[in-house]
S.K.: 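Below is a structure I'd like to ask you about.
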Amino acid sequence: MTEAANDFIRDAVRRDNEQGTYRGRVQTRFPPEPNGYLHIGHAKAIVTDFSVALDFDGTCNLRFDDTNPDTEETEYVDAIVSDIAWLGYEPAAIFYASDYFEKLYEWAEVLVREGLAYVDDQDGDTISAQRGGYGRPGVESPYRDRSPAENLDLLRRMRAGEFPDGSRVLRAKVDMQHENMQMRDPVMYRIRHSPHHRTGDAWCLYPTYDWAHGQSDAIEGVTHSLCTLEFDSHRVLYDWFLDHLPLPYDQPRQIEFARLELTHTVTSKRRLRSLVDDGVVDGWDDPRMPTLQGLRRRGYPAEAIVAFCRDVGTTRTNSRQSIENLEAYVRRALNLTAQRRMAVLRPLKVVVTNWPEGQVDTFEVANNPEDPSDGVRQVAFTGELWIEADDFAEVPPPKFFRLSPGVEVRLRGAYLVRCTGVVKDEAGEIVQVDVTYDPETRGGSAPDGRKVRSTMHWVSAAHAVDLEVALYDRLFSAANPGERTGEPLDDLNPDSRELVAAKGEAALAATAPGEVVQFERLGYFA
RNA sequence: UGGGGUAUGGGGUAAUUGGCAGCCCAGCGGAUUCUGGUUCCGUUAGUCUAGGUUCGAGUCCUAGUACCCCAACCA
């Protein structure tokens, strides 16, 4: 055991180990359905599944829950595999529920022979109506008491493709009066003459989640099947199936935990898909999406996401984390590694009135003050600059330390300058600020030791580059060393461009040709 | 309407299982700082309600309240 983290899941595992339930073995799995891209909510499940296994020297598999051919695609499989790798986890093995279709079918025949499953000829609406409701018992299907022999014959013919979609299902024979709706003879197999992304046309019979999941766990030798809270009421059924089957390993245990929700963030695959399908965003990896690929392009380092998921903990309490908390982890990670650049989002022109005509000065600036080993860069200084409009106030409010008439400030890494006047247009808007620089303060410090209250970002007008393009590309490469997006903002739709500019209140520092780095918030949240 | 689950500062999450309610985010105050960043120090604020057991209750008991999940041939 590497870590002594404390939560109810680890407590349960520890207890199992003490009692020898699984002879000390710990095996989990992350079981996504390949019908969409992984999002921040999945990261929580991934971190939980993998870290519990790792903490107890166990293993965690990736298993695709591909039991519904109508919604699943290889594209999603590939994306999920690479997203998990990006987060830094390596599955012990990659499996598919579809690997087990034959075994599942074999086990279904076992239940049929024992009189624990039957073929129902009724349609979905009828079955649903017969199921009853909360506080209302269900009624038994007229086909419920078919003989095992007849059921076996029908099941085989279902598999052989003799019947059309929806005409028959295989149901578990449990209890139509059961207070738990999941136990009222749940459907195990439905007929679906659809090609499957892996098994092609081999099957026209597909297992439901309930019939596939626990059995897949058992086949793989999973010990602790961690899932989210909404499956709590399925646990009785999970156990019921397993109780009646000849399992190759010890019977796995399902443990539920609360999913991760974030404020201002949509984590419903259905709604995310519609954003993609309706063209509201450019794709699943649009930086505005809460998908792992979107967050990655937004500049979130994987380790920040993992640390966040670990620290919010695993509980059975439904809750919603604030996006600010996640961002705090992102900032913490980026602060250590991100190279700084000066940037100006809302430019205001500054003219250095005593600057020698045509002179260009070059300064060497540290890329990252937090990490001196990260090198330096050259930044050009001229007599015509841009500063952030917010950094100037003609009439400074209380506690405003930046530029205003008569006040001296430091232009980061360059010179101390003092404001000598403003230029306004006919409408009275300030269009230019005049300053004088002190040649003795080259590099930003005064020989006489005098202090200034503020240090500001600046950009040489002649040397500045398009922030939007730089911002997007740099954010990506800051989080993914060595890579570039290859598609700067020009390739994004106009809306997203504006959003980047408006919301990228990059705590930025610095601006030098072409680069941006640290930021506080960037993105789009509904 | 029946069953299941969950309640700890503004948002999250701990408490050696009955023994000083701790930590993160946010807020506030201060120090440092060539990023109003970072870092450091300090600080505000909490056990759903009402009873009960106990020397002692977030934890145990009783009765309430609020919220979440379940009636797909989705997962």
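First the proteins, then the strands, lettered A, B, ... as listed; each starts at 1. Below, all heavy atoms of this structure are taken into account, side chains as well, without hydrogens, waters or symmetry copies.
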S.K.: Ignoring the backbone of A:N325, work out which of B:A71, B:C73, B:C25 is nearest its side chain.
M.R.: B:C25

S.K.: Counting any heavy atom closer than 4.0 Å, what does A:R131 reach on the DNA or RNA strands: base, sugar-phosphate only, or nothing?
M.R.: sugar-phosphate

S.K.: Verify whether one side chain among A:D125 and A:S128 offers a donor that lies under 3.5 Å from an acceptor in the other.
M.R.: no

S.K.: May I ask you to decide whether A:R29 forms a salt bridge with A:E220, counting only side-chain N to carboxylate O separations under 4.0 Å?
M.R.: no

S.K.: What is the distance from CD of A:Q254 to P of B:G5, rounded to the nearest Å?
M.R.: 13 Å

S.K.: Verify the contact: side-chain N or O of A:T315 to OP1 or OP2 of B:U13, cut-off strictly under 4.0 Å; return yes or no.
M.R.: yes

S.K.: On the nucleotide B:C74, are OP1 or OP2 found under 4.0 Å from the side-chain N or O atoms that A:R190 carries?
M.R.: yes

S.K.: Give the B/S/- string for nucleotides 64-70 of chain B, one per nucleotide from 5' to 3', where a protein heavy atom under 4.0 Å of the base yields B, of only the sugar-phosphate yields S, and otherwise -.
M.R.: ----SSB

S.K.: Work out how far the C1' atom of B:U17 is from that of B:C60, and round it to whole angstrom.
M.R.: 11 Å

S.K.: Taking any strand in view, what nucleotide pairs with B:A71 in a Watson-Crick or G-U wobble way, both distances under 3.5 Å?
M.R.: none

S.K.: Return the nearest nucleotide to the side chain of A:R136; candidates are B:A71, B:C73, B:A26.
M.R.: B:A71

S.K.: Can a side-chain donor-acceptor contact be found between A:D185 and A:Y118 if the only test is distance below 3.5 angstrom?
M.R.: yes

S.K.: Report the residue (A:T317 or A:R442) whose heavy-atom-nearest nucleotide on RNA chain B is the more 5′ of the two.
M.R.: A:T317

S.K.: Whom does B:G51 pair with, Watson-Crick or G-U wobble, provided both distances fall under 3.5 Å?
M.R.: B:C61

S.K.: RNA chain B: A:G135 or A:N368, which has the more 5' nearest nucleotide?
M.R.: A:G135

S.K.: With a 3.5 Å cut-off and just heavy-atom distances, do the side chain of A:R402 and the base of B:G36 make a donor-acceptor pair?
M.R.: yes

S.K.: Taking atom types as modelled, is there a side-chain donor on A:H224 or A:R10 under 3.5 Å from an acceptor on the other?
M.R.: no

S.K.: Kindly say whether A:R271 contributes a backbone atom to a donor-acceptor pair with the side chain of A:S268 at under 3.5 angstrom?
M.R.: yes

S.K.: Tell me the interatomic distance from A:L403, atom CG, to B:G36, atom P, rounded to whole angstroms.
M.R.: 13 Å

S.K.: Nearest whole Å is fine: how far is B:C24 P from A:I323 CD1?
M.R.: 21 Å

S.K.: How long is the line joining CZ of A:F257 and C1' of B:G4, in whole Å?
M.R.: 18 Å

S.K.: Let me know the distance between CE of A:M183 and C1' of B:A71, rounded to the nearest Å.
M.R.: 15 Å

S.K.: Based on the glycosidic angle (syn within 90° of 0, else anti), state the conformation of B:A45.
M.R.: anti

S.K.: Decide whether a cation-pi geometry holds between A:R168 and A:F163; the criteria are a distance under 6.0 Å from NZ or CZ to the six-membered ring centre and an angle within 45° of the ring axis.
M.R.: yes

S.K.: Under 4.0 Å between a side-chain N/O of A:R332 and OP1 or OP2 of B:C25, yes or no?
M.R.: yes

S.K.: Give one of base, sugar-phosphate or nothing for A:D123, where a contact means two heavy atoms less than 4.0 Å apart.
M.R.: base

S.K.: Name the orientation class of the two ring planes belonging to A:F231 and A:H234 (parallel below 30°, tilted from 30 to 60°, perpendicular beyond 60°).
M.R.: perpendicular

S.K.: Taking donor-acceptor contacts at under 3.5 Å, does the side chain of A:E370 reach the base of B:G37?
M.R.: yes

S.K.: Taking only side-chain nitrogens and oxygens of A:T208, does any of them come within less than 4.0 Å of OP1 or OP2 of B:C74?
M.R.: no

S.K.: Let me know the distance between CZ of A:F401 and P of B:U33, rounded to the nearest Å.
M.R.: 15 Å

S.K.: Within 45° of the ring axis of A:Y105 and under 6.0 Å from its six-membered ring centre, is that where the NZ or CZ of A:R159 lies?
M.R.: yes

S.K.: Is A:E256 salt-bridged to A:R235, going by a charged N under 4.0 Å from an acidic O?
M.R.: yes

S.K.: Who does B:A66 pair with, Watson-Crick or G-U, both distances under 3.5 Å?
M.R.: B:U6

S.K.: According to a strict under-4.0 Å criterion, is A:S322 in side-chain N/O contact with OP1 or OP2 of B:C25?
M.R.: no

S.K.: Just checking, any donor-acceptor pair under 3.5 angstrom between side chains of A:Y134 and A:E179?
M.R.: no

S.K.: Answer with base, sugar-phosphate or nothing: what part of the nucleic acid does A:T314 contact at a heavy-atom distance below 4.0 Å?
M.R.: sugar-phosphate

S.K.: Going by number, which of residues 61-78 of chain A have a non-hydrogen atom under 4.0 Å from RNA chain B?
M.R.: A:D65, A:T67, A:N68

S.K.: Pick out which of A:Y96, A:Y76, A:F95 makes a ring-ring contact (aromatic ring centres under 6.0 Å, His included) with A:F64.
M.R.: A:Y96

S.K.: Please work out if A:E261 contacts a base, only the sugar-phosphate, or nothing of the nucleic acid, heavy-atom cut-off 4.0 Å.
M.R.: nothing

S.K.: Return the nearest nucleotide to the side chain of A:R192; candidates are B:A14, B:C25, B:C74.
M.R.: B:C74

